[in-house]
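Could you have a look at this structure, given as structure tokens, before my questions?
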Amino acid sequence: MPDDILRQLAKVLEQRKQADPDSSYVAGLYHKGLDSILKKVGEEATETVIAAKGGNADELVYETADLWFHTLVLLVHQGVDPDRVLNELERRFGLSGLEEKAARKGS
């Protein structure tokens with residue numbers, strides 16, 4: 001299942017919090033702090049947009065994987081279990097975008 005890989009990756013990312021920053025790319029990001037992680041998420045989002053505009057499906061998949069990966073790094077850094085995002089997507093499933101948006105305004 002695709003969500004299994006997200007959970008497995010989240011476990012590894014959690015373990016990297018304790019790793020030596022010189023031993024792991026992710027440990028290095030954690031060591032640099034939130035601003036560095038946010039910058040990386042922004043860069044990957046931009047690269048995803050550029051790939052989509054370029055029309056190359058392989059590039060789009062590659063850049064989206066980078067974006068999702070770095071977003072998971074952000075979630076784990078912030079102590080947010082990725083299952084919360086999956087649960088939110090599940091909650092929204094079957095709702096129209098307009099219904100979901102109206103529900104948020106009401107809360």
Side-chain angles (χ1 to χ4, degrees):
M1 283 301 239
D3 58 341
D4 288 341
I5 191 65
L6 293 177
R7 289 184 183 106
Q8 291 172 21
L9 185 53
K11 280 184 181 179
V12 170
L13 295 175
E14 185 66 41
Q15 293 167 353
R16 293 294 193 269
K17 283 182 172 181
Q18 310 307 319
D20 178 349
D22 294 329
S23 71
S24 156
Y25 168 75
V26 171
L29 272 178
Y30 287 144
H31 180 73
K32 291 176 187 173
L34 180 60
D35 286 348
S36 289
I37 295 168
L38 294 173
K39 181 180 176 189
K40 195 63 185 167
V41 170
E43 287 172 8
E44 297 303 342
T46 300
E47 290 172 5
T48 301
V49 169
I50 292 168
K53 289 288 284 178
N56 182 317
D58 290 337
E59 282 185 41
L60 179 57
V61 167
Y62 182 86
E63 295 301 342
T64 301
D66 279 351
L67 177 59
W68 288 11
F69 176 83
H70 287 90
T71 301
L72 277 173
V73 170
L74 173 62
L75 289 172
V76 171
H77 182 266
Q78 297 290 91
V80 176
D81 188 321
D83 277 337
R84 289 184 61 189
V85 177
L86 294 173
N87 290 339
E88 177 62 16
L89 289 171
E90 185 175 32
R91 183 192 70 78
R92 293 179 187 188
F93 190 75
L95 289 178
S96 77
L98 296 176
E99 290 171 327
E100 195 282 325
K101 191 171 185 178
R104 278 189 284 148
K105 283 186 178 179
S107 34

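Positions are given from 1 along the sequence. Everything quoted here is computed from the prediction, not taken from an experiment.
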Within 6.0 angstrom of Lys32 NZ, more than 12 heavy atoms from elsewhere: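 Count not over threshold, so no.
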Residues that Glu90 engages under salt bridge (Lys or Arg N to Asp or Glu O under 4.0 Å), provided they are two or more places apart: none
Single-linkage hydrophobic cluster, 4.5 Å side-chain cutoff, Val73 and Tyr25 together: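 Yes; Tyr25 is reachable from Val73 via cluster members.
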Within-4.5 Å side-chain heavy-atom neighbours: Leu38 and Val41: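 No, side chains not in contact.
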Minimum heavy-atom distance between Asp20 and Ala27, given as atom pair plus value: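 Scanning both residues completely, I find the closest heavy atoms to be O-CB, 3.6 Å.
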Side-chain touch Gln78/Leu34, heavy atoms, less than 4.5 angstrom: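 Side-chain contact under 4.5 Å: yes.
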CG on Leu74 to CG on Leu13, rounded to 0.5 Å: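 One finds 11.0 Å between CG of Leu13 and CG of Leu74.
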Spatial distance of atom CG (Leu89) from atom CG (Asp83) [nearest 0.5 Å]: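 Rounded to the nearest 0.5 Å, the CG-CG separation comes to 11.0 Å.
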Charged N-O contact under 4.0 Å between Glu14 and Lys11: no
Closest contact, heavy atoms only, Pro82 versus Leu72: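 For Pro82 versus Leu72, the nearest heavy atoms are CG-CD2, 3.5 Å.
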Non-hydrogen atoms of Arg16 and Ser24 that approach each other most closely: CD-OG, 3.2 Å
Reported CZ-to-CG distance for the pair Arg7 and Asp81, which is rounded to 0.5 angstrom: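 Here the rounded value is 8.0 Å.
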More than 12 heavy atoms of other groups within 6.0 Å of Asp35 CG: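 Not more than 12 within 6.0 Å, no.
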Nearest heavy-atom neighbours spanning His70 and Leu29: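 Scanning both residues completely, I find the closest heavy atoms to be CD2-CD1, 3.9 Å.
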Sub-4.5 Å side-chain heavy-atom contact between Val26 and Phe69: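 With C-beta onward as the side chain, the pair touches.
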Hydrophobic cluster membership, Val80 vs Val12, 4.5 Å side-chain cutoff: no
Hydrophobic cluster membership, Val49 vs Leu67, 4.5 Å side-chain cutoff: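 Looking at the clustering, Leu67 is in a separate group from Val49.
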Residue Phe93 excluded, over 12 heavy atoms near CZ under 6.0 Å: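 Count not over threshold, so no.
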Side-chain ion pair, Lys40 and Glu44, N-O less than 4.0 Å: yes
Sidechain-backbone polar pair: Thr48 side chain, Glu63 backbone, donor-acceptor under 3.5 Å: yes
Under the ring pair (Phe, Tyr, Trp, His ring centres under 6.0 Å) test, residues paired with Tyr30 that sit two or more places apart: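 Partners of Tyr30 by the ring pair (Phe, Tyr, Trp, His ring centres under 6.0 Å) criterion, ordered by chain and then number, come out as His77.
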